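Report on one structure; see the data block that follows.
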Number of protein chains: 2
Amino acid sequence: MEHRDSCIIRHFSHYLALSERDKVLLNELERTPIEVEAGDLLWEEMANAEEFCSLRSGWAYSFRYLENGTRQILEVFLPGDIIGLREFAFSQRLAGVRMIEDGVICRFPHAAILRLFRQSSTLTTVMFAISSRQQALMTERLVNIARRSARQKLAHFLLEMHQRLRQTEPEGDCHLRLPMSQEVLADLLGLSPVHVSRTFTALDEDRLVHRDGHRLTIPDLQALARHGQFDDCYLIDNLRSLVVSES
Amino acid sequence: MEHRDSCIIRHFSHYLALSERDKVLLNELERTPIEVEAGDLLWEEMANAEEFCSLRSGWAYSFRYLENGTRQILEVFLPGDIIGLREFAFSQRLAGVRMIEDGVICRFPHAAILRLFRQSSTLTTVMFAISSRQQALMTERLVNIARRSARQKLAHFLLEMHQRLRQTEPEGDCHLRLPMSQEVLADLLGLSPVHVSRTFTALDEDRLVHRDGHRLTIPDLQALARHGQFDDCYLIDNLRSLVVSES
DNA sequence: GAATCGACATAACCTGGGTTATGCGGAGCA
DNA sequence: TGCTCCGCATAACCCAGGTTATGTCGATTC
């Protein structure tokens, strides 16, 4: 059985060492990879919620439409992420999910997680950790949206993405691929597209970020972090100390 | 062993039927009740995160201070809630927690949950459901803060509290005890205290809510719900259908 | 190479809610 | 019975960011 390439195993292994049996169990979740295209809807708001989804490649985001037509984007998913944890206790989707780019996903039913709970306490623990991390990301976004200026919001978000990407692929430090339109950015940060554009130009004038299409440059990470009150502690999760200390 | 009165058992039973053994396990989490007073800090931001907390009585809230001195309140906890799930995967607190009123709490170490994972898959499932519900609440707060007007924010929040309180104690339909100052409300909704006051007067003039100290009246729930774009679907969790369908 | 379209920039104008200040009434306290 | 403090109301002023509109630059299509 070849699972050296499985994204979900790499993701889980980040938290705890997995036994061979754990890996087999995880692989069962990813038995049916599906190719999807940019713009594809993985599911709609209010649809029946009966499965999770693991993201093998490509980016995606979850969103909610309000009655007045505005859209709020809740989270951005990167390869390795698990989508749909929020609805575990619900029978309806609370948010839709859409692909940003082409990618590959694997759907598996809610019940598969219940089976996991019975079969492996290690995987259970990691699953809980992943859910807890997603909650931490949302918390930070909440604070960002509620209390910071447009410049700070944008700066903070860009640094968050930079840091998240670096955790999986430590690439060239100050460059960053950001395959999303300013409209998506606006819906993510609670701003108007126009103001996102204004803010980019302002940050550019101050030499804090430079944007060229989907290519982003951050000449001075420290400076931008100061600007956006960015502190990465909410991204640094660490289960091992907990589990080890339990002996 | 007398645990008919235990708040946590009532809370868990809302999701799934518990065996006697499950109840014993849960009771072990609540072995050391501690009395706390209004204003007491359960823990500070950045403190070491090594325990959860179950709230037996009294209200509490979690918060974050920003560098510019503003505070964002993230969630309001009611009796029966479990506090600190967000930090399961972290070694530091991402938010502080403070009591709104006098109350009773029970602290238990993170490792106790790991033990739970190994001992009862029912309790594991419920724990996951509780975490997922808290995430749903935060998601809705995020949307509320990011995309609605001050009137809508306030209306929406009041209805959320009304609904949450009614789920445990179906009291007089249009009355509501809300033991929090306008400053707390402001920090919760991302507004200034002054504007919360203005908004209350405005809603009062429109006969949508009436406030008298900590006593709140909502003469027409439907009307207020329309006003605040309030849809309670994010509060209606339901595990039973999932677990039953698994056979 | 003309037409269309989508992503972005820029400008002019407007408003919801922040800020600062003042006043008031009730609670605790000397 | 006066003092102080806290929570709240109200008013005047101001600004960050929303709104609307117009223009530009590529990419795509015929």
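Remember, predicted model here, so these are calculated numbers, not experimental data. In the text below, chain A, chain B and the rest are named by the order of the sequence lines, each starting its count at 1. Side chains included, hydrogens not; waters and symmetry mates left out as well; all remaining heavy atoms used.
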Q) How would you list, by chain and number, every residue that makes a side-chain contact (heavy atoms from CB on, under 4.5 Å) with P33(B), sequence neighbours excluded? A) R56(B), V104(B), C106(B)
Q) Sequence neighbours excluded, which residues qualify as side-chain contact (heavy atoms from CB on, under 4.5 Å) partners of D204(B)? A) H210(B)
Check the distance between [N]'s [atom2] and [X]'s [atom1] and give it to me in whole angstrom.
X	N	atom1	atom2	answer
D187(A)	dG18(D)	CG	P	11 Å
Q72(A)	dG18(D)	CD	C1'	15 Å
H195(B)	dC13(D)	NE2	C1'	15 Å
L189(B)	dG16(C)	CG	P	18 Å
D212(B)	dC8(D)	CG	C1'	13 Å

Checking [X] now: which residues fulfil ring pair (Phe, Tyr, Trp, His ring centres under 6.0 Å) with it, not counting sequence neighbours?
X	result
F230(A)	H156(A)
F200(B)	none
F157(A)	none
F77(A)	none

Below 3.5 Å between N/O atoms, which protein atoms pair up with nucleotides 4-10 of chain C? Just atom names and distances, please.
{"from": "dC8(C)", "atom 1": "OP1", "to": "R211(A)", "atom 2": "NH2", "distance (Å)": "2.6"}
{"from": "dC8(C)", "atom 1": "OP2", "to": "Q182(A)", "atom 2": "N", "distance (Å)": "2.9"}
{"from": "dA9(C)", "atom 1": "OP2", "to": "Q182(A)", "atom 2": "OE1", "distance (Å)": "3.3"}
{"from": "dA9(C)", "atom 1": "OP2", "to": "Q182(A)", "atom 2": "NE2", "distance (Å)": "2.8"}
{"from": "dA9(C)", "atom 1": "OP2", "to": "S197(A)", "atom 2": "OG", "distance (Å)": "2.8"}

Q) Heavy atom of residues 143-159 of chain A under 4.0 Å from DNA chain D: which residues? A) S149(A), A150(A)
Q. When the C1' atoms of the five terminal pairs at each end define the local axes, what inter-axis angle does the helix from dG1(C)-dC30(D) to dA30(C)-dT1(D) show, to 10 degrees?
A. 30°
Report all side-chain donor-acceptor pairs from residues 85-95 of chain B shorter than 3.5 Å, counting only partners two or more places apart or in another chain.
{"from": "R86(B)", "atom 1": "NH1", "to": "T139(A)", "atom 2": "OG1", "distance (Å)": "3.1"}
{"from": "R86(B)", "atom 1": "NH1", "to": "E75(B)", "atom 2": "OE2", "distance (Å)": "3.3"}
{"from": "R86(B)", "atom 1": "NH2", "to": "E75(B)", "atom 2": "OE2", "distance (Å)": "2.4"}
{"from": "E87(B)", "atom 1": "OE1", "to": "R93(B)", "atom 2": "NH1", "distance (Å)": "3.3"}
{"from": "E87(B)", "atom 1": "OE2", "to": "L94(B)", "atom 2": "N", "distance (Å)": "2.9"}
{"from": "E87(B)", "atom 1": "OE2", "to": "A95(B)", "atom 2": "N", "distance (Å)": "3.4"}
{"from": "R93(B)", "atom 1": "NH2", "to": "E51(B)", "atom 2": "O", "distance (Å)": "2.5"}

Q) Is E44(B) close to V97(B) at the side-chain level, that is, under 4.5 Å between some pair of heavy atoms? A) no
Q.
Would you say that F108(A) contacts E30(A) through its side chain, given a criterion of any heavy-atom pair below 4.5 Å between the two side chains?
A. no
Q: For R207(B), check salt bridge (Lys or Arg N to Asp or Glu O under 4.0 Å) against everything at least two apart and list the hits.
A: none
Q | Qualifying side chain to side chain donor-acceptor pair (under 3.5 Å) pairs, either residue in residues 178-189 of chain B, two or more places apart | A | R71(B)-D187(B)
